[in-house]
Amino acid sequence: MLGHFRRRMALRLDCLMGSVVVVWQPMLWAVLWGVLSCFSGAALASPPDKTEPRKTLRMAFPTAETGFDPPRVHDLYSNTVNEAIFERLLTYDYLARPARLAPMTAETLPEIADGGKTYTFRIRSGILFHPDPAFDGKPRELTAADYVYSFKRVLDPKIRSPWAFLLEGKVVGLDALVEAAEKSGKYDYDTDVEGLKALDRYTLQIRLREPDYNFNYIVAHTPFSAVAREVAERYGDDTMARPVGTGPYVLRQWTRGARIVLEKNPEYRGMAWDFAEGEDGDAELVRVMQGKRLPLIDRVEISIIEEEQSSWLAFNRKELDLSGVGGFREKVFDEKGALRQTWRQQGVKLERSFDPELTYTFFNFRDPTVGGFEKEKLALRRAIIMAYNRDEEIEVVRKGQAIPATMPIPVGVVGHDPRYKSLNAYNPALANKLLDAFDFKKGRDGFRTMPDGSPLLLKYATGTTAVERQMNELWKKSMDTIGVRIEFQPGKFADHIKATKVCQLQMWGVGWIADYPDGDNFMQLLYGPNTGQSNNGCYESKAFDALYEEARKLPDSPERNHLFLEMTRQMEVDGAWALGVSRERNMLIRPWVLGYKKHPILNAMWVYLDIDPEKKR
């Protein structure tokens, strides 16, 4: 299933108007490939090739992708693919720790003037978009105007970008364009925006209403990649299946929810692997990779394997080149916590790291059962949080590969305070007393009712994987300790995401990995105006919002860190989230994969990797 399937004799193209069967003949294929197309929600596969690409990386995603249009995409895995197809003005140094910004399509980091309100980027000349019919067969160079268009597109009401909040209220004149569209029904991309200008073919100027000390991080974030206007207008609502960027990889095959194949962009300008050691242990990696011309991997095959057991077995059969350890810790580590001899004999390497991320369960503040700011609702949410056994999650479900999340800003992110102690620590006895005090009475069956006597039932959105089933069992066990009935509502990740945007899920456990390494990126998940975008719990607290608005005006400083702590206290008093964990990433790497090191922000690691074909034999 995971291996490369070659259609040697025939290729069936299923189109909206019927089916065309093409019998495989090299010359016939060459003619038909240029004229046949089928846009039924998947990108066209490349013509059959008699030889395997010399360097192929095989890996798996545990959750299905949603599509590949940068401003539309909200999930990690789709954005991981976008990261390799599209390019931003800025990126990150591969080895520098803590994470450090570096130029991507910009020649250098921007010139910043006007007290931090004006950013000027000089874009490299000669960068080309992937060839596409939208360009009428002509090479298409990236220009400053493409970023003007792409930044405007993030706020287009029809796009409904989940990342709009990162630009709203920031760029001079851009919000007026949105307001005009709301009145006229048309978002006019040709309207000049004072704060967003192409000064010439390669010079982009962005003027902000106020200084934003995280703005460079924002432009380095994948949703702010360059998208060509011709492509967006040609494909309309189908842009999620037609990604055309300037990056090192192109989408070659896509079977929704099953398989993604990327191939090296033959027109890519290339870049040198030229990174200095960032931490102890980098010396060997630098020795092996220094000076190589990127990208080196010809083909990336990504399988969607939701069940951890299936992914683990595929890695054992050498059908995957990389694999997380997950729930198979005892098969990887010996009694001393070292990599077992069986793996070392195979040349398998282990890389351990903590992502700048956290998991959390949100409560929908618009839900009639768990939402609202009435005292009894505050008591209910906080009792639920205190009853959940997170230590058992870490030991049983996570197999010890996690640490508790103590505040909304995780370890490794600017603003995290290791001294902070949660107000809602695990304490089921206190949780029961709290529910008793607010008249959540227990019936003869041992389960509680609402204070008005109506049924109390929690509805928790979930998936169907083995890990999610374990989590459900733990939530059920935890809620039984306080007499609160809970049921689980299974569904697809993409459907759950859509439901959160209109505040329809009562409870859901999710994770957030840093888009940029600053506490603002996590605190914005609780900011009221971000409801319908990144604020999945629709939490709208005037007290929290006031603190957030004050903090966003400040650079990294003790004053801002103090505000982060006040915001944490406020969200805990309100019972906005049940904080989860930050997961340890234990990655097994086959010996033929060279150059791997988990980056705290970047995810498309194959851009920086090499494969030694001799070690693969």
Side-chain angles (χ1 to χ4, degrees), residues 1-7 11-20 36-48 56-86 130 132-134 159-162 222-223 225 227 231-232 234-245 247 249-263 299-308 310-311 314 319-320 461-465 468 490-501 510 603-604 606:
M1 179 178 71
L2 295 174
H4 179 62
F5 176 63
R6 186 172 310 184
R7 291 162 288 185
L11 176 72
R12 179 180 174 121
L13 297 177
D14 296 311
C15 296
L16 294 174
M17 300 301 294
S19 298
V20 180
L36 288 177
S37 62
C38 174
F39 306 116
S40 57
L44 285 170
S46 60
T56 299
L57 182 75
R58 301 159 304 168
M59 56 183 292
F61 285 167
T63 301
E65 75 301 324
T66 56
F68 308 109
D69 186 352
R72 295 179 189 265
V73 168
H74 192 243
D75 65 288
L76 170 64
Y77 299 104
S78 299
N79 258 333
T80 296
V81 174
N82 283 340
E83 199 178 285
I85 295 175
F86 298 91
H130 307 154
D132 190 86
I159 296 295
R160 292 187 295 179
S161 174
T222 305
S225 301
V227 175
V231 172
R234 181 183 180 100
Y235 299 120
D237 292 337
D238 201 33
T239 53
M240 290 285 267
R242 302 292 307 196
V244 179
Y249 286 87
V250 298
L251 180 66
R252 190 58 67 200
Q253 297 176 14
W254 181 29
T255 303
R256 289 177 183 269
R259 179 177 168 84
I260 304 164
V261 177
L262 302 172
E263 288 184 356
R299 181 180 175 96
V300 181
E301 298 179 355
I302 303 169
S303 299
I304 312 304
I305 309 178
E306 294 186 344
E307 286 294 346
E308 193 175 61
S310 300
S311 182
E319 294 174 348
L320 298 176
T462 182
T464 57
T465 66
E468 285 167 308
K492 295 181 179 180
F493 179 81
D495 293 337
H496 287 335
I497 284 286
K498 290 178 183 177
T500 64
K501 303 311 169 194
V510 293
N603 295 294
W606 61 83

With sequence neighbours excluded, residues passing ring pair (Phe, Tyr, Trp, His ring centres under 6.0 Å) with His496: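 Expected list: Trp508.
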For Phe86, ring pair (Phe, Tyr, Trp, His ring centres under 6.0 Å) partners two or more places apart: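 Counting only residues at least two positions away or on another chain, Phe86 forms no ring pair (Phe, Tyr, Trp, His ring centres under 6.0 Å).
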Greater than 12 external heavy atoms within 6.0 Å of Asp237's CG: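 No, the 6.0 Å shell around CG holds no more than 12 heavy atoms from other groups.
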Neighbour count above 12 (heavy atom, 6.0 Å) for Lys498 NZ: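 Not more than 12 within 6.0 Å, no.
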Search all heavy atoms of [X] against all heavy atoms of [Y] and return the closest pair with its distance.
{"X": "Arg58", "Y": "Glu319", "result": "CB-O, 3.5 Å"}
{"X": "Leu251", "Y": "Ala241", "result": "CD2-O, 4.4 Å"}
{"X": "Pro70", "Y": "Thr222", "result": "CB-O, 3.5 Å"}
{"X": "Ala60", "Y": "Ile305", "result": "CB-CD1, 3.9 Å"}
{"X": "Gly67", "Y": "Ser78", "result": "O-CB, 3.1 Å"}
{"X": "Val227", "Y": "Ala232", "result": "CG1-CB, 4.5 Å"}

Partner residues of Glu307 under the side chain to side chain contact (heavy atoms under 4.5 Å, CB included) criterion, sequence neighbours left out: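 Glu307 satisfies side chain to side chain contact (heavy atoms under 4.5 Å, CB included) with Ser310, Thr465, Ala466, Arg469 once adjacent residues are dropped.
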Pair Lys501-Arg160, side-chain contact (heavy atoms from CB on, under 4.5 Å): steps then yes or no: CA-CA 10 Å; Lys501 303 311 169 194; Arg160 292 187 295 179; over 6 Å; no
How long is the straight-line distance from [atom2] of [Y] back to [atom1] of [X], given to the nearest 0.5 Å?
{"X": "Leu57", "Y": "Trp606", "atom1": "CG", "atom2": "CH2", "value": "8.5 Å"}
{"X": "Arg252", "Y": "Leu262", "atom1": "CZ", "atom2": "CG", "value": "10.0 Å"}
{"X": "Lys492", "Y": "Glu306", "atom1": "NZ", "atom2": "CD", "value": "9.0 Å"}
{"X": "Glu263", "Y": "Tyr249", "atom1": "CD", "atom2": "OH", "value": "10.5 Å"}
{"X": "Thr255", "Y": "Ile304", "atom1": "OG1", "atom2": "CD1", "value": "10.0 Å"}

Donor-acceptor contact below 3.5 Å, side chain [X] vs main chain [Y]:
{"X": "Thr500", "Y": "Ile497", "result": "yes"}
{"X": "His74", "Y": "Ala494", "result": "no"}
{"X": "Glu468", "Y": "Gly463", "result": "yes"}

Asp75/Thr66 under side-chain hydrogen bond (donor to acceptor under 3.5 Å, both in side chains): CA gap, chis, key distance, verdict: CA-CA 7 Å; Asp75 65 288; Thr66 56; 2.6 Å; yes
Polar side chain donor-acceptor pair, Tyr235 to Asp69, under 3.5 angstrom: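 Side-chain D/A pair, Tyr235 to Asp69: absent.
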[X] versus [Y]: any side-chain heavy-atom pair under 4.5 Å?
{"X": "Arg72", "Y": "Thr239", "answer": "yes"}
{"X": "Asn79", "Y": "Asn603", "answer": "no"}
{"X": "Val73", "Y": "Met240", "answer": "yes"}

Steps toward side-chain contact (heavy atoms from CB on, under 4.5 Å) verdict (Ile302, Glu65): CA-CA 11 Å; Ile302 303 169; Glu65 75 301 324; over 6 Å; no
Aromatic plane relationship, Tyr77 with Phe61 - under 30° parallel, 30 to 60° tilted, over 60° perpendicular: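 Phe61 and Tyr77: tilted rings.
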